[in-house]
Amino acid sequence: MISGDDGLREEYISREEIFKGKILHVVRDTVRLPDGNPATREMCLHVGGVCVLPLLPDGRVIVERQFRYPLGRVTLEIPAGKLNYAGEDRAEAARRELLEETGAIAGRLTPIGEIVTSPALINEVISIYLAEEITFGERHPDDDEFLDVMTVPFDTLYSEVVRGEIRDAKTVAAILKVGAILDERKNKKHSFFGG
């Protein structure tokens, strides 16, 4: 990985609040560019989130279908949610979201990385987890959350990602990462994920 800012860093000067809602917090910052000139950066601030790929012993994955209003369609995704507050323990948030949305309880929860969802527009960081040794409790989704929960074979999901049929970024990233983990386990190779 390339390190250092290599003269690319922009320096914060000031901030103007544009909108603060339940989820979105939009600001307009004035920054100083590396050449010394000022510029404007509009962005959304986000507390962060988690997502979980719940893998059952038979190779099926618990997934959700839900209507995403900005896209105007139903998407297939892994369980996910935003942190309740800055600094919330991400593993605990992952366990909470998994239980609330699917009723699944992870006996083993492994962190497998993070993604930045759209770094030109939002500072959201989503932590990705692999959930295994799953048992089940009671679902209790949020009042405004309508989900179809189902299981799909991992290999089917992987193929759908490769064909471009699954486009949700966190789901794509999790499936590709877990695919690499499963290949490593099968081939007993050195793990790149510290597992």
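These figures come from a predicted structure and were not determined experimentally.
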Looking only at non-hydrogen atoms, find the nearest pair between [X] and [Y] and report the distance.
| X | Y | result |
| --- | --- | --- |
| Pro54 | Val52 | CD-O, 3.1 Å |
| Gly137 | Ile105 | N-CD1, 3.9 Å |
| Tyr85 | Val47 | C-CG2, 3.4 Å |
| Thr102 | Leu98 | OG1-O, 2.6 Å |
| Ala173 | Ile115 | CB-CG2, 3.8 Å |
| Val50 | Tyr129 | CG1-CE1, 4.3 Å |

If hydrophobic clusters are built from ILVMFWY residues whose side chains come within less than 4.5 Å, do [X] and [Y] share one?
| X | Y | answer |
| --- | --- | --- |
| Phe154 | Leu56 | no |
| Leu130 | Ile126 | yes |
| Tyr158 | Leu53 | yes |
| Leu55 | Met150 | yes |
| Val63 | Phe136 | no |

For residues [X] and [Y], determine if any side-chain heavy atom of one lies less than 4.5 Å from a side-chain heavy atom of the other.
| X | Y | value |
| --- | --- | --- |
| Ile13 | Val31 | no |
| Ile23 | Lys82 | yes |
| Val116 | Glu114 | no |
| Lys186 | Leu182 | no |
| Leu147 | Glu100 | no |
| Ile128 | Val178 | no |
| Ile122 | Thr117 | yes |
| His46 | Val125 | no |

Take atom CZ in Arg9; do more than 12 heavy atoms of anything else shown fall under 6.0 Å from it? no
How long is the gap from [atom1] on [X] to [atom2] on [Y], to the nearest 0.5 Å?
| X | Y | atom1 | atom2 | answer |
| --- | --- | --- | --- | --- |
| Glu145 | Asp143 | CD | CG | 9.5 Å |
| Leu109 | Arg90 | CG | CZ | 13.0 Å |
| Glu10 | Thr30 | CD | OG1 | 11.5 Å |
| Met43 | Glu124 | CE | CD | 14.0 Å |
| Arg139 | Leu99 | CZ | CG | 10.5 Å |
| Ser118 | Asn123 | OG | CG | 11.0 Å |

Where does the angle between the aromatic ring planes of Tyr69 and Phe67 fall among parallel (under 30°), tilted (30 to 60°) and perpendicular (over 60°)? perpendicular
Distance-only, no hydrogens or angles: does the [X] side chain make a donor-acceptor pair with backbone N or O of [Y] under 3.5 Å?
| X | Y | answer |
| --- | --- | --- |
| Glu88 | Asn84 | yes |
| Lys177 | Ile112 | yes |
| Ser159 | Asp155 | yes |
| Asn37 | Leu33 | no |

Cut-off 3.5 Å, side chains only: do His25 and Glu17 have a donor facing an acceptor? yes
Just by distance, with hydrogens left out, do Thr171 and Glu77 show a side-chain donor and acceptor under 3.5 Å apart? no
Between the side chains of Arg41 and Asp29, is the shortest nitrogen-to-carboxylate-oxygen separation below 4.0 Å, so that they form an ion pair? no
If you measure from the Lys or Arg side-chain nitrogens to the Asp or Glu carboxylate oxygens, is any gap between Lys170 and Asp168 under 4.0 Å? yes
Across all chains, not counting sequence neighbours, the side chain to side chain contact (heavy atoms under 4.5 Å, CB included) partners of Glu138 are none
Taking side chain to side chain contact (heavy atoms under 4.5 Å, CB included) as the definition, give me every residue that meets it alongside Phe19, ordered by chain and number, with sequence neighbours left out. Leu24, Val26
Determine the sole option in Glu165, Glu160, Gln66, Arg167 for which the side chain to side chain contact (heavy atoms under 4.5 Å, CB included) test with Leu76 is passed. Glu160
Going by salt bridge (charged side-chain N to carboxylate O under 4.0 Å, His left out), name the pairs with one or both residues in residues 49-66, residues two or more places apart or in two chains. Asp58-Arg60, Arg65-Asp148
